[in-house]
Amino acid sequence: MSIAPEQEQTRDLTSLVEELRAVVGDEWVYTQEHQLRTYESDGLLQYQGIPAAAVLPGSAEEVQAVVRACAAAEVPFVARGAGSGLSGGALPVADGILIVLSRMKRVLDVDLPNQRVCVEPGVTNAEVSSAVAPDFFYPPDPSSQIVCTIGGNLAENSGGAHCFKYGFTTNYVCGLELVLPDGEMIQLGGKELDAPGYDLIGAFVGSEGTLGIATKAWLRVVPAPETTKTLVAFFDSTSDAGRVVSEIVQAGVVPGAIEMMDKLAIEASEEMAHAGYPVGRAAALLVELDGAERECEARFEDVVEICERCGSDDIRIAKDEAERQLFWKTRKAAFPAMGRLSPNYFVQDGVIPRTKLPEVLERLDELSEEYGMRVANVFHAGDGNLHPLVCYDGRKEGEAERAEELSGRILDVCLEAGGSITGEHGVGVDKKKHMPKMFEEPDLAAFQRLRCSFDPAGLANPTKVMPTPRLCGEVPGPYRVHPLEAAGLAERF
Ligand SMILES: Cc1cc2nc3c(=O)[nH]c(=O)nc-3n(C[C@H](O)[C@H](O)[C@H](O)COP(=O)(O)OP(=O)(O)OC[C@H]3O[C@@H](n4cnc5c(N)ncnc54)[C@H](O)[C@@H]3O)c2cc1C
C-alpha cells in the first residue's frame, strides 16, 4: 500500500547521471530499479517513491561536486542517512537524485580534554558514544541509535530517552560543515560553543534536509555519570503512572529518563524481549537516575516512594548492568515488537504538556474505540512526547486510510492540549498537511523566506515540510517555468 503514489519520472537525466559517475565512480551510482527499490521509503513504509538515481559519495568534496552538478542541471536532490526516519523525510523525489551519505563514516577527531568529537555524517549515533567511551558519552540517544546517522539526527533534531535531562541534538552541535544547495561549501561554528553572529547552526539543525547537506559535525560530549540507577514500576492505570511523572518533576528530581508504556505496548515488548513483565498491567514506567552516587541513592529513594504512593505494587530495581540493559531492551523493542501484534501500524509522534498526560491518554482511548483500532502508547513521558502506534491490517480495504485519519486526529488532540505535531520525528512528507493547524500563514511565510535564503532554487528536499511547496519568488529576468512547477510539485510564492 502506498499512501503517496509513486510519481512518474518525466525527465531524461542521462547526462547528469554520467557526470555523477565521473565524480564518485561507476560503482557508487545506482540507476537500476532493483537497486533503487532499496531506497524507496524510509522507516515510514506507507510512503514510497523511486529517484532517477542514487549516488553514494565518499567525501565532502564528492558531495559538493554532486550537488553542484544537480544545481547546474536544476535537478532536485534528497539527502539520506540510514533511512530510519519516521516522517518520510528521506523519501526520494521522482526525477531527482538521492544522495546517500552512508559511506561517509569516519570519526575524524576525538578531543576528550575539550569534550569534542568531529564526525562525518554517516557515522551512527551509537558510534559517537563508542568513540569517547568509557569516560564520556553523547547524550541524544534515539531508540534507533545503532543504525541512524548523525546526518539524519542533525536534520531531524533527534531526541531520545535521555533528552529530558540532557536535551536534544541541537544542544550538542557546536560546528557544521555544509554543502549549500548551490554547491557552495561553508563552515558554521567549530569546536567552540556559541559562535558570534546569527545562530545558523540552530537554523540548520531540524531543517530536514531542506537547507543543504551536512558533511561534517563537531559535537559536544559529556562525562559519563558516576552511577546509574534504574527501575521499572507497574501500575493499574496510565493516570497513576502519569501522576508519578508530574510528582517526580515537582519534587525537583531530574531523572536521566522517564519512559512509559501502556498495556498493549507492554504485551508487544514482552513477547520480544522476555523480561518477565506482567502482561495485563495498564502501565509500566521506566525511571533512570544518573549522576553522583550519593545524590542518586537519595533521589532514587524519593522516586520509589512516589511510585508506591501513586499506586505501584510492583517495582523492580535493576540489580546490575545486565538487568538494566534488559529493561532498556524491552522499552526499545516496543516499536518493532508491535509487528507481532498487528500486520501493520502507523507510528505517530506528538507532544503535550506532561501535566495533560492523563486526560490525553483517556481521549486516545476514546478515539481508539471510535475507530475500532487498537492504539499502543510508548512515550518519553518526561518530555510529554507521545508515540501512539495505530494498529491496522493493510490487507483490509480502507484500513490504512482510516489508520492515517486516526493518526491525524491524535495530533489534533495534542494541539488542543497545547502541544505540537511532532516531538522528534520531524514533519517530512507525512505531517506537512498538519503544519497549518499549528502555524499561521505569516509563520509559514517566515519559514519559507529562511528556506529560500539557503536554497533560492528550491532543489534541496522539495515537497517536504511546507504544506504547499513554494518557490522562492521571481528571479530577475523573463519568467520561466521551474522544473518543480512543471512537475506539479511546487507553486510560485
Ligand atoms: C525503531 C525506531 C526508533 C526510533 N526512535 C527515535 C527516537 O527515540 N528519537 C528520535 O528522534 N527519532 C527516532 N527514530 C527516528 C529516526 O531514527 C531519526 O529521525 C533519525 O535521526 C534518522 O536518521 P537517519 O540517518 O536514518 O536519517 P534518514 O531517515 O535517512 O533521513 C532523515 C532526514 O534527514 C535528512 N538527512 C540525512 N542525512 C543528512 C545530511 N547529512 N545532511 C542533511 N540532511 C540529511 C534526510 O533528507 C531526511 O530529511 C526512530 C526510528 C525507528 C525506526
Side-chain angles (χ1 to χ4, degrees), residues 43 82 84 86 124-130 133-134 137-149 153 158-166 224-225 227-235 238 241 244-245 255-290 296 300 303 307 312 314-342 345 347 349 376-383 385-389 391 424-425:
S84 71
L86 289 170
T124 66
N125 174 289
E127 282 162 354
V128 178
S129 277
S130 301
F137 78 112
Y138 178 64
D141 58 343
S143 301
S144 52
Q145 66 188 146
I146 54 169
V147 293
C148 69
T149 67
N153 291 181
S158 291
H162 289 87
C163 291
F164 174 65
K165 175 173 180 179
Y166 288 99
T227 192
T228 304
K229 288 198 69 86
T230 311
L231 66 75
V232 61
F234 298 92
F235 298 84
T238 48
V244 171
V245 177
I258 318 183
E259 299 284 300
M260 202 195 290
M261 294 195 289
D262 74 0
K263 186 174 171 183
L264 196 53
I266 296 171
E267 186 186 334
S269 303
E270 178 55 23
E271 276 222 7
M272 197 156 161
H274 307 295
Y277 280 14
V279 171
R281 296 303 293 264
L285 201 62
L286 189 161
V287 186
E288 182 160 284
L289 299 191
D290 62 5
C296 247
F300 202 67
V303 171
C307 288
S312 179
D314 185 354
I315 300 174
R316 305 178 187 190
I317 298 171
K319 57 182 176 312
D320 53 26
E321 183 57 22
E323 193 169 18
R324 173 177 173 257
Q325 288 302 338
L326 183 62
F327 289 174
W328 276 110
K329 184 179 162 200
T330 313
R331 159 61 187 89
K332 292 189 178 183
F335 284 12
M338 203 49 63
R340 295 179 179 229
L341 298 192
S342 171
Y345 63 92
V347 182
D349 166 45
N377 285 293
V378 186
F379 40 94
H380 306 310
D383 300 318
N385 185 187
L386 310 182
H387 290 315
L389 305 165
C391 301
E424 53 186 19
H425 295 171

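A quick note: this is a predicted structure, and the numbers were derived from the prediction, not measured. Just so you know, residue 1 is the first one in the sequence shown, and it goes up from there.
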Indicate yes or no: at least one non-hydrogen side-chain atom of [X] is less than 4.5 angstrom from one of [Y].
X	Y	result
Cys148	Thr124	no
Leu285	Val245	yes
Glu288	Trp328	yes
Asn153	Pro140	no
Pro225	Phe137	yes
Lys332	Ser143	yes
Val303	Pro255	no
Pro388	Phe379	no

Given Phe335 and Ser144, is the side chain to side chain contact (heavy atoms under 4.5 Å, CB included) satisfied, shown in steps? CA-CA 10 Å; Phe335 284 12; Ser144 52; over 6 Å; no

Taking the six-membered ring for Trp and the full ring for Phe, Tyr or His, determine whether the centres of Tyr277 and Phe234 are under 6.0 Å apart.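 Ring-ring flag for Tyr277/Phe234: true, centres closer than 6.0 Å.
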
Tyr166 and Tyr138 aromatic centres sub-6.0 Å: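 Centroid separation for Tyr166 and Tyr138: 6.0 Å or greater.
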
Partners of His425 by side chain to side chain donor-acceptor pair (under 3.5 Å), sequence neighbours excluded?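 With sequence neighbours excluded, His425 shows a side chain to side chain donor-acceptor pair (under 3.5 Å) to no residue whatsoever.
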
Can you tell me how far the [atom1] atom of [X] sits from the [atom2] atom of [Y], to the nearest 0.5 Å?
X	Y	atom1	atom2	value
Thr228	His162	OG1	NE2	7.5 Å
Lys319	Glu323	NZ	CD	3.5 Å
Ile146	Asp141	CD1	CG	13.0 Å
Met272	Met338	CE	CE	11.0 Å
Ile258	Leu286	CD1	CG	10.0 Å
Ser129	Gln145	OG	CD	7.0 Å

Using a distance-only test with no angle check, is there a side-chain donor-acceptor pair under 3.5 angstrom linking Asn385 and Asp349?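 Asp349 and Asn385 do have a side-chain donor-acceptor pair below 3.5 Å.
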
Which atom names give the shortest non-hydrogen contact between [X] and [Y], and what distance separates them?
X	Y	answer
Ala257	Ala161	CB-O, 3.2 Å
Phe235	Cys307	CE2-O, 3.7 Å
Ala334	Met261	CB-SD, 4.2 Å
Ala284	Ile266	N-CD1, 3.6 Å
Asp314	Pro278	OD2-CG, 3.9 Å

Does CD1 belonging to Ile317 count more than 12 external heavy atoms closer than 6.0 Å?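 Check passes, neighbour count above 12.
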
Any sub-3.5 Å donor-acceptor pair from Ser269's side-chain atoms to Thr330's backbone N or O?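 Looks like yes, one N/O pair under 3.5 Å.
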
Any chance you could lay out the side chain to side chain contact (heavy atoms under 4.5 Å, CB included) test for Cys163 and Asp383, step after step, and finish with the verdict? CA-CA 8 Å; Cys163 291; Asp383 300 318; 4.2 Å; yes

Let's go through Lys229 and Asp290 carefully: what are the C-alpha distance in whole Å and the side-chain angles of both, what is the deciding distance for salt bridge (charged side-chain N to carboxylate O under 4.0 Å, His left out) to 0.1 Å, and is it a yes or a no? CA-CA 6 Å; Lys229 288 198 69 86; Asp290 62 5; over 6 Å; no

For residues 257-273, which residue pairs qualify under salt bridge (charged side-chain N to carboxylate O under 4.0 Å, His left out), counting only residues two or more places apart or in two chains?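 Every pair satisfying salt bridge (charged side-chain N to carboxylate O under 4.0 Å, His left out) with a residue in residues 257-273: Glu259-Arg331.
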
Can you list the steps and then say if Val378 with Leu389 is a side chain to side chain contact (heavy atoms under 4.5 Å, CB included)? CA-CA 8 Å; Val378 186; Leu389 305 165; 4.0 Å; yes

Out of Leu231, Val287, Val232, which one pairs with Phe327 under the side chain to side chain contact (heavy atoms under 4.5 Å, CB included) rule?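 Only one option passes, and that is Val232.
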
